[in-house]
Amino acid sequence: MTHTLELHGRHIIAGRRVGGERTFRSVPATGPARDFCAGTPELVAEACAAAAAGFAAYAATSRDARAAFLEAIAEEIEARGHQITEIGTQETGLPAGRLEGERGRTTGQLRLFADHIRQGGYLDRRHDPALPDRKPAPRPELFIMQRPVGPVAVFGASNFPLAFSVAGGDTAAALAAGCPVVVKGHSAHPGTGEVVGEAILAAIARSGMPAGVFSLIQGGNRQVGEALVTHPAIKAVGFTGSLAGGRALFDLCAARPEPIPFFGELGSVNPVFVLPQAARTRAGSIARDWADSLALGAGQFCTNPGVVVLPQESAETFARAAQAALAKVAPQVMLTDGIAQAYRGGAARFTANNKVETLLAGQDEGRKAAPNLFRVTAADWLADEDLSQEVFGPLGVLVTVSDEDEMLAVASALHGQLTCTLQLDDGDLALGRRLLPLLADKAGRVLANGFPTGVEVADAMVHGGPYPASTNFGATSVGTLSIRRFLRPVCYQNLPAGLLPADLAG
Ligand code: NAP
C-alpha cells in the first residue's frame with residue numbers, strides 16, 4: 001500500500017494539537033515508521049485540568065445532546081474509514097477486513113449508547129414519596145438518580161485498536177454517562193489513535209461540546225499512564241491490557257489520597273469444558289472448531305479459549321484433530337514485537353516443563369506467531385500454578401481428567417475468568433448442572449456449545465469477571481451495562497420541585 005496519509009504526530013488536548021520536543025518512533029508491522037510526540041506528566045496535567053473545567057457543562061448537557069454527539073463521532077469515524085484502515089493495517093498487522101469489521105463494531109457501540117441514554121433507563125430513577133403522617137417519624141421525599149462521576153482516564157488496548165481504544169467502548173460509555181475523557185493512546189497504534197482522535201475533535205466542533213471533553217495524550221513512556229491515574233481530577237479509569245501493567249496502575253489508583261475505581265480487564269484463559277457424552281460423540285468436530293477459535297487473529301483476544309478440559313478417554317481423538325487443524329495455520333503477524341516475544345517465552349515455559357507433552361511446537365520468527373498445542377493431566381495442571389497463566393497468542397493446553405470429580409476439581413480451582421464454556425449433549429445435563437454454579441462463580445459469562453471469542457455488544461453482555469479477569473467483578477467493559485462504571489447514585493431528599501435535576505423533574 002502506498003504511503004498517502006499525512007499525520008501531525010501531536011497530542012490532542014482540549015481541541016488543540018500540541019507538540020513537544022521529545023518524540024518516539026512507531027514500529028509498524030508494515031509501512032513507514034513515523035515520529036509521534038511523547039507524552040509527559042505536564043501534558044497529562046493540562047488535559048486533566050481541561051477535562052475538569054469542562055465537566056460541569058458537559059454533565060449538564062441533555063441526554064439528547066450527548067446522544068447526538070456520540071452519533072456525530074460515529075459519522076466522523078466512518079468519514080475517515082479509508083484512512084483508519086490504511087494506518088491501522090500498517091501499525092497492527094491486522095488484515096483490512098478485520099479492521100473494517102472492528103470499525104463497524106466501534107460505530108455500532110457509539111450508536112448503541114446514544115439509544116441507551118435517550119431511553120433513560122440507565123439513570124435507574126427511584127422515588128419514595130413523603131409519608132408525613134408516618135409514626136413514630138415522618139418519611140421525607142426521596143429521589144435517587146445516577147450522575148456522572150467526573151473525568152475518566154482511558155487506556156487504549158493493543159489488541160482492539162478501534163473498539164477498545166481512542167473511541168472504543170470505555171470512551172463511548174464515559175461520554176454517554178456525561179464524563180469527559182482523557183485517553184492515553186497505545187504506543188502500538190499511535191497513528192490510528194490520531195485519526196480517530198481527529199474524528200472526535202470534528203464531532204465536538206459540530207456538536208458544540210466543551211473542548212475539554214476529550215484529550216488524547218500519546219504514550220512513549222510509562223510516566224504518562226502513572227501521571228494520568230494519579231491526577232486528582234481523574235475520578236475513574238478504564239483499562240484493557242496485561243496483568244502486570246493493570247495491577248501496577250490499579251495499585252496506584254488505590255494508593256492515591258483520594259482512591260478511585262480502576263476498571264481493568266486483565267488476564268483470562270477462558271477454559272472450555274468438554275463433557276463426556278459430547279466428547280464421545282463429537283470430539284473431532286469440537287476440536288476443529290476450537291482450533292479455529294484459538295488461532296483467530298493470532299490468538300490475540302482476551303476471550304481466547306486457551307484451555308480445554310476433557311475426559312482422558314476422548315483426549316487422543318481430540319488431540320489428533322486439533323493438532324491437524326492447528327498445523328495448517330500459517331504463522332500470523334502479532335500486534336507488537338513485545339507481544340510476539342512474550343508469546344514465545346510463554347510457549348518455551350510449557351515446552352521446558354517435563355510434566356507437559358508437546359503436541360505441536362509452532363515454528364515462527366520475528367513478529368510472527370504459529371500455534372502451539374500441549375497436553376497435561378489435571379493432577380499435574382492443578383499442582384503447577386504456572387500452567388494456568390494466560391499466554392497471549394494461539395497457545396492451547398489440553399487438560400485431561402480421569403472422572404467427573406476431577407473435572408469439577410479443575411473448575412473449582414480456576415482463577416477468575418472472562419468466560420467459561422460448556423460443550424455438552426443431552427446426556428451431559430446432570431454433570432452440567434453440577435458444573436454450572438462453579439463456573440458462574442468464576443466467570444463473567446458462561447456459554448454452551450459455542451466458543452467465546454465473539455463478544456456481542458448488547459444489553460445482556462458481561463465482559464468482566466472475578467480477578468484477574470477484571471479488577472472489579474461488579475462491572476462489564478462491553479455492552480450497555482458498562483456505563484454503570486462511570487456513574488454514581490445521588491439521593492435528593494425533600495428538594496423543592498424547582499430544584500430537582502431535569503432528569504428527575506421531567
Ligand atoms: P500493557 O503492557 O499492559 O499496556 C497497556 C497500556 O498500559 C499501555 O498504554 C501501556 O503503556 C500502559 N502501561 C502498562 N504498564 C504500565 C505501568 N507499569 N505504568 C504505566 N503505564 C503502563 O498491555 P499491551 O501492551 O496491550 O500488551 C501486552 C500484554 O498484555 C500481552 O502480551 C497480553 O498478555 C496482555 N493483553 C491482554 C489483553 C486482555 O484483553 N486481557 C489485551 C491485550 C493485551 P505503553 O504503551 O507505554 O507500554
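Atoms within each ligand, like the ligands themselves, are counted from 1 in listed order. Just so it is clear, the structure is predicted and the values come from calculations on it, not from any experiment.
- For ligand 1, the atoms closer than 4.0 angstrom to any heavy atom of Ser187 are 45 (P), 46 (O).
- Only side-chain heavy atoms of Leu249 come within less than 4.0 Å of ligand 1; its backbone N, CA, C and O stay farther off.
- Atoms of ligand 1 lying under 4.0 Å from any heavy atom of Cys302, numbered from 1 in the order shown and given with element: 39 (C), 40 (O), 41 (N).
- Between His116 and Tyr122, the angle of the ring planes lies from 30° to 60°, which puts this pair in the tilted group.
- Protein heavy atom closest to atom 38 (C) of ligand 1, with residue, atom name and distance, is Gly241 O, 3.7 Å.
- In terms of protein heavy-atom proximity, atom 41 (N) of ligand 1 is closest to Leu266 O, 2.0 Å.
- The closest protein non-hydrogen atom to atom 28 (C) of ligand 1 is Ile339 CG1, 4.0 Å.
- Of the listed options Ser242, Gly393, Gly264, Ala469, Ser242 places a heavy atom closest to atom 23 (O) of ligand 1.
- Closest to atom 4 (O) of ligand 1 among all protein heavy atoms lies His186 NE2, 4.0 Å.
- A side-chain donor-acceptor contact under 3.5 Å links His415 and Glu385.
- Considering only non-hydrogen protein atoms, atom 21 (N) of ligand 1 sits nearest to Arg222 CD, 3.6 Å.
- Within ligand 1, the atoms closer than 4.0 Å to a non-hydrogen atom of Ser158 are 24 (P), 26 (O), 27 (O), 43 (C), 44 (C), numbered from 1 in the order shown.
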Run the side chain to side chain donor-acceptor pair (under 3.5 Å) test on Ser470 and Glu265 for me, step by step, so that the C-alpha distance in whole Å, both residues' side-chain angles and the decisive distance to 0.1 Å come before the verdict. CA-CA 4 Å; Ser470 87; Glu265 196 248 277; over 6 Å; no
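- Contact annotation for Ala248 and ligand 1: only side-chain heavy atoms (C-beta onward) come within less than 4.0 Å of the ligand.
- Enclosure of atom CD in Glu78 by more than 12 non-hydrogen atoms of other residues, nucleotides or ligands within 6.0 angstrom is indicated.
- A side-chain donor-acceptor contact under 3.5 Å links Ser293 and Thr453.
- Residues Glu456 and Arg445 are not paired through a salt bridge, judged by the lack of any N-O separation under 4.0 Å between the basic side chain and the carboxylate.
- For the residues Phe164, Phe24, Phe392, the heavy atom positioned nearest atom 44 (C) of ligand 1 is part of Phe392.
- With Phe160 as the aromatic partner, Arg98 meets the cation-pi criteria of under 6.0 angstrom to the ring centre and within 45 degrees of the ring axis.
- Under 4.0 Å from ligand 1, the heavy atoms of Phe239 that appear belong solely to its side chain.
- With rounding to the nearest 0.5 Å, the separation of CG in Asn372 from CZ in Arg344 is 10.0 Å.
- Listed by number with element, the atoms of ligand 1 under 4.0 Å from a non-hydrogen atom of Asn159 are 42 (C), 43 (C).
- Protein heavy atom nearest atom 15 (N) of ligand 1, with residue, atom name and distance: Gly245 CA, 3.2 Å.
- How far CG of Asp459 is from OG1 of Thr480: 3.5 Å, rounded to the nearest 0.5 Å.
- Comment: Asp384 does not engage Lys355 in a salt bridge, judged by the lack of any side-chain N to carboxylate O separation of less than 4.0 angstrom.
- At the shortest separation from atom 47 (O) of ligand 1 among protein heavy atoms lies Lys184 NZ, 3.4 Å.
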